[in-house]
2 protein chains.
Amino acid sequence: MHLCHEHEVCVETALATADQICEERGVRFTDIRRRVLELVWENHGSAKAYDLLERLGGEYSAKPPTVYRALEFLQENGLVHKINSLNAYVGCSHPLQHKDCFFLICSRCNEVQECCTEPVANAVWQMAAKRHFKPRHTTLEIEGQCQQCQVQN
Amino acid sequence: MHLCHEHEVCVETALATADQICEERGVRFTDIRRRVLELVWENHGSAKAYDLLERLGGEYSAKPPTVYRALEFLQENGLVHKINSLNAYVGCSHPLQHKDCFFLICSRCNEVQECCTEPVANAVWQMAAKRHFKPRHTTLEIEGQCQQCQVQN
DNA sequence: TCGAAAGGGTTACATTATAACATTACTTGC
DNA sequence: GCAAGTAATGTTATAATGTAACCCTTTCGA
Ligand SMILES: [Zn+2]
Ligand SMILES: [Zn+2]
Ligand SMILES: [Zn+2]
Ligand SMILES: [Zn+2]
């Protein structure tokens, strides 16, 4: 993962957005949920559920269901995505702005960039339409190397 | 899963292709590997590792590593793909013809169609290029409903 | 204020996957 | 053919990931 100039800003923004979304949706952004989201946002990589659990530590007498329930809530509300190819979770960098989010995942530094460009969504949609397939959810995860890691090799 | 007119043909073709590929690559298409591939091809849905294990039954005194090793071999040689969003495996319908394969996954009948159209691959590649990201492997899994299932609803 | 619904604690367990080491089978050079 | 090396498989144990079920507490709306 590469340096993020002022990562506190990323975290604060994410939490503030989450507050707002939960407010709007009339769902409860409880302490545990907030804390898990904060941990997920600790950096721009993906976080494993059991790592989050460990980092929650004694707080909240956390056990697996504690974390999985929080993650489920966060996913349902678009605040977190699961990266299926890694069994890991990332904070969403623009919650609820897209139906599906796509990911560039650097396997050297573990950074995950979200990028949900229209052309890709369109190409996917057209491919499905051609086969009369009705998509409900698209998983698109691109594993490779980010720019900085290519340079540093 | 919907009827496949003559599914034995699918299976035979898959096994014959596998034979040929292994031959060409100078790798050993052992009994276990062949049997697991056959089981994966039992239908056009995805198969879970532990289901395969069960279906292997007493044969080969199969235990988890037996199946996972076979699956690993089959994946390495492009004969099988893992569907990450399902933790399940499907036979490849056109081994080694693409760098990455894309999937339409019907959550009603469990059928998995492989479709690796150029426009999607290009859109993905361009999105990555724009961010100077060097892709190595793309996971694209589209969950939804197939044509027949939409009709039957 | 009371009852329903949502959230969370706790235990136990299910599912998915791998490490490590022993044994067997195949290959290759002699 | 045979020895030695390599690849494949057997076997045991365990790691990693995820969920069911049950009960109690908190919140919220009537
Ligand atoms: Zn997102
Ligand atoms: Zn990187
Ligand atoms: Zn394929
Ligand atoms: Zn279907």
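Chain letters run A, B, ... following the sequence lines, proteins first, then strands; residues in each count from 1. Excluded from the calculations below are hydrogen atoms, water molecules and symmetry mates; all remaining heavy atoms, backbone and side chain alike, are included.
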Does CD belonging to B/Q150 count more than 12 external heavy atoms closer than 6.0 Å?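 Yes, enclosed.
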Give the ring-plane orientation class for A/F29 versus A/F73, where under 30° counts as parallel, over 60° as perpendicular and anything between as tilted.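 Correct class here is parallel.
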Which donor-acceptor pairs under 3.5 Å do the side chains of residues 120-132 of chain B make with protein atoms, sequence neighbours left out?
none

In [range], which residues come under 4.0 Å of DNA chain D by heavy atom?
range                     : answer
residues 36-54 of chain A : A/K48, A/Y50
residues 62-78 of chain A : A/P64, A/P65, A/Y68, A/R69
residues 19-30 of chain A : A/R28

Once rounded to the nearest 0.5 Å, what's the spacing between atom [atom1] of [X] and atom [atom2] of [Y]?
X     : Y     : atom1 : atom2 : value
A/L74 : A/R69 : CG    : CZ    : 14.0 Å
A/E38 : A/R33 : CD    : CZ    : 16.0 Å
B/Q97 : B/C92 : CD    : SG    : 7.5 Å
A/L79 : A/R34 : CG    : CZ    : 11.0 Å
B/I32 : B/L56 : CD1   : CG    : 7.5 Å
A/T66 : A/L71 : OG1   : CG    : 10.5 Å

Start with the C-alpha gap between A/E143 and A/S85, add the side-chain angles, then the distance that decides, and say whether side chain to side chain contact (heavy atoms under 4.5 Å, CB included) holds. CA-CA 9 Å; A/E143 179 274 329; A/S85 54; over 6 Å; no
Measuring to OP1 and OP2 of C/dT15, would you say a side-chain N or O of B/N87 lies under 4.0 angstrom away? no
Can you find a heavy atom in the side chain of B/H94 that is under 4.5 Å from one in the side chain of B/C101?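 The answer is yes; the side chains approach within 4.5 Å.
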Should A/I105 and A/L86 count as side-chain neighbours, where that means a heavy-atom distance under 4.5 Å? yes
Option from B/Q113, B/H7, B/E114 for which side-chain hydrogen bond (donor to acceptor under 3.5 Å, both in side chains) with B/H44 holds: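 Exactly one pass, corresponding to B/H7.
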Could you state the [atom1]-[atom2] distance from [X] to [N], rounded to the nearest angstrom?
X     : N      : atom1 : atom2 : result
A/I32 : C/dT10 : CD1   : P     : 11 Å
A/N84 : C/dT16 : CG    : P     : 14 Å
A/D31 : C/dG9  : CG    : P     : 11 Å

Is it true that a side-chain atom of B/E141 and a backbone atom of B/N84 form a donor plus acceptor pair closer than 3.5 Å?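 Side chain of B/E141 to backbone of B/N84: a pair is present.
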Is it the case that the side chain of A/T139 and the backbone of B/L140 share a donor-acceptor pair, with hydrogens and angles ignored and the cut-off at 3.5 Å? no
Anything under 4.0 Å to a heavy atom of chain A counts; send over the first and last such nucleotide of DNA chain D, read 5' to 3'. D/dT17 to D/dT27
How sharply is the helix from C/dT1-D/dA30 to C/dC30-D/dG1 bent, taking the axes over five pairs at either end and rounding to 10 degrees? 40°
